[in-house]
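Structure, as structure tokens:
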Amino acid sequence: QVQLVESGGGLVQAGGSLGLSCAASERIFRMNVMGWYREAPGKQRELVATITSDFGRNYADSVKGRFTISRDNAKKTMYLQMNSLKPEDTAVYYCNLRTGLSEYWGQGTQVTVTV
């Protein structure tokens, strides 16, 4: 059983930046896929970005050019750097891990962007 814990959420003005972290309880990042998802009020949980074991990256169109996903296997941590934030980025952001056998989620961290 893998525990995922997000941190770094908060309140920021539009145009500002926030950095999110996701810490895993086990050293399992090397051969797995991790990603960030978000869920806004009244909306479905949506993919923000993913990063593979070979550090390939994929982004939702809405965040391309503004967000950067990264991972540090030694630190067992995944990151999401969010720049040029917009009010529509407001959501609960979730860390996700897929191993092929199991799927794990963090508890979520709130990101609120004000105008």
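For the numbers below, each heavy atom of this structure counts, side chains included, while hydrogens, waters and symmetry mates do not. Residue numbers count from 1 along this sequence.
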Cluster check [X], [Y]: I/L/V/M/F/W/Y, side chain < 4.5 angstrom:
{"X": "F55", "Y": "L97", "answer": "yes"}
{"X": "V92", "Y": "Y79", "answer": "no"}
{"X": "L4", "Y": "I51", "answer": "yes"}
{"X": "Y59", "Y": "V113", "answer": "yes"}

Any carboxylate oxygen within less than 4.0 angstrom of a Lys/Arg side-chain nitrogen, looking at E46 and R38?
yes
Presence of salt bridge, K64 and D61, under 4.0 angstrom:
yes
Within a reach of under 6.0 Å around CD of E88, are more than 12 heavy atoms found that belong to other residues, nucleotides or ligands?
yes
Atom CD of E103: over 12 foreign heavy atoms under 6.0 Å
yes
Say you draw a straight line from [atom1] of [X] to [atom2] of [Y]; how long is it, rounded to the nearest 0.5 Å?
{"X": "Q110", "Y": "T90", "atom1": "CD", "atom2": "OG1", "value": "7.0 Å"}
{"X": "S7", "Y": "Y93", "atom1": "OG", "atom2": "OH", "value": "15.0 Å"}
{"X": "Q107", "Y": "C95", "atom1": "CD", "atom2": "SG", "value": "9.0 Å"}
{"X": "Y37", "Y": "N96", "atom1": "OH", "atom2": "CG", "value": "5.0 Å"}
{"X": "M34", "Y": "T77", "atom1": "CE", "atom2": "OG1", "value": "8.5 Å"}
{"X": "T112", "Y": "L11", "atom1": "OG1", "atom2": "CG", "value": "6.0 Å"}

Taking the side chain as everything from C-beta on, heavy atoms only, tell me whether [X] gets closer than 4.5 Å to [Y].
{"X": "D89", "Y": "R66", "value": "yes"}
{"X": "S70", "Y": "R57", "value": "yes"}
{"X": "L85", "Y": "F67", "value": "yes"}
{"X": "V111", "Y": "L20", "value": "yes"}

Can you check whether A91's main-chain N or O pairs, donor with acceptor, with E39's side chain at less than 3.5 Å?
no
N32 versus T99, closest heavy-atom pair with distance
OD1-CA, 3.0 Å
Minimal non-hydrogen separation, Q81 against L18, with atom names:
NE2-O, 3.5 Å
Can you classify the ring geometry of W105 versus Y94 as parallel (below 30°), tilted (30 to 60°) or perpendicular (above 60°)?
perpendicular
